[in-house]
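The block underneath contains the structure these notes are about, expressed in structure tokens.
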Amino acid sequence: KLAVIPLAERSGMQMSGKRDASRDKIDNRSALEIGLCEEVYDSSKEFLVGIEERLKEVDSMSGAIKSSVEVMRKLLDEIHDKNTATLKSMEIEKPKATRKLKTREEIT
């Protein structure tokens with residue numbers, strides 16, 4: 001969460017207090033920065049799925065953990081939507097990833 005919040009703030013998302021998209025600022029990031037943010041999005045989504053799978057295996061999925069994962073997933077999806085919208089407004093395609101994302105299946 002601590003790594004993702006600065007990315008959200010950098011995109012212009014208002015993160016203090018209750019989340020209100022109408023108070024977001026204009027996204028003035030470059031296509032390169034958005035591309036790197038998308039890499040964080042992709043790897044974070046994969047990471048969250050891995051956390052959920054592992055917690056189910058050890059039967060340790062508490063309500064607090066489940067809630068935290070859902071909050072992170074929602075924030076990541078909002079960042080992704082903002083990235084997509086900004087690239088579209090710039091009329092630029094998503095930059096190629098700097099590295100291929102390895103899934104959990106490829107790693108294990």
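Quantities reported herein were computed from a predicted structural model and do not represent experimental measurements.
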Taking the side chain from Glu38 and the backbone from Lys94, do they hold a donor-acceptor pair closer than 3.5 Å?
->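 No, Glu38 side chain to Lys94 backbone: no donor-acceptor pair under 3.5 Å.
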
With sequence neighbours left out, what residues match [X] under side-chain hydrogen bond (donor to acceptor under 3.5 Å, both in side chains)?
{"X": "Ser44", "result": "none"}
{"X": "Arg23", "result": "none"}
{"X": "Ser22", "result": "Asp20"}
{"X": "Glu78", "result": "Arg19"}

Around Glu53, counting heavy atoms of other residues, nucleotides and ligands shown, do more than 12 lie under 6.0 Å from its CD?
->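 Counting other residues, nucleotides and ligands, CD of Glu53 exceeds 12 neighbours.
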
Counting only heavy atoms not in Ile107, do more than 12 sit closer than 6.0 Å to its CD1 atom?
->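 Atom CD1 in Ile107 is crowded, with more than 12 foreign heavy atoms closer than 6.0 Å.
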
With Lys102, which of Arg99, Glu106, Glu105 fulfils side chain to side chain contact (heavy atoms under 4.5 Å, CB included)?
->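 With Lys102 as partner, Arg99, Glu106, Glu105 yield a single side chain to side chain contact (heavy atoms under 4.5 Å, CB included), made by Glu106.
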
Nearest 0.5 Å please: distance from the [atom1] atom of [X] over to the [atom2] atom of [Y].
{"X": "Asp42", "Y": "Leu101", "atom1": "CG", "atom2": "CG", "result": "6.0 Å"}
{"X": "Lys96", "Y": "Glu39", "atom1": "NZ", "atom2": "CD", "result": "13.0 Å"}
{"X": "Asp27", "Y": "Asn83", "atom1": "CG", "atom2": "CG", "result": "7.0 Å"}
{"X": "Ile34", "Y": "Met90", "atom1": "CD1", "atom2": "CE", "result": "5.5 Å"}

For Glu52, enumerate each residue passing the side chain to side chain contact (heavy atoms under 4.5 Å, CB included) test, keeping only those at least two apart in sequence or located in another chain.
->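 Checked Glu52 against side chain to side chain contact (heavy atoms under 4.5 Å, CB included); matches are Met61, Val69, Glu70, Arg73.
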
Met15 side chain near Leu75 side chain, heavy-atom distance below 4.5 Å =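 They are in contact (side-chain heavy atoms under 4.5 Å apart), so the answer is yes.
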
Considering only heavy atoms from C-beta outward, does the side chain of Lys66 approach that of Leu55 to under 4.5 Å?
->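 In short, these two side chains do not touch, never coming nearer than 4.5 Å.
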
Decide whether [X] and [Y] are clustered together by the hydrophobic rule: side chain heavy atoms of Ile, Leu, Val, Met, Phe, Trp, Tyr closer than 4.5 Å, transitively.
{"X": "Ile51", "Y": "Leu76", "answer": "yes"}
{"X": "Val4", "Y": "Leu48", "answer": "yes"}
{"X": "Phe47", "Y": "Ile65", "answer": "yes"}
{"X": "Leu36", "Y": "Leu87", "answer": "no"}

Can you name the nearest heavy-atom pair linking Ala31 to Pro95, along with the distance?
->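 That would be O-CG, 3.3 Å.
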
SB check Glu57 Arg54 (cutoff 4.0 Å) |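 Counted as a salt bridge, because a side-chain N and a carboxylate O are separated by less than 4.0 Å.
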
What side-chain donor-acceptor pairs closer than 3.5 Å can you find for residues 5-12, not counting sequence neighbours?
residue	atom	partner	partner atom	Å
Arg10	NE	Glu33	OE2	2.8
Arg10	NH2	Glu33	OE1	3.2
Ser11	OG	Ala8	O	2.7

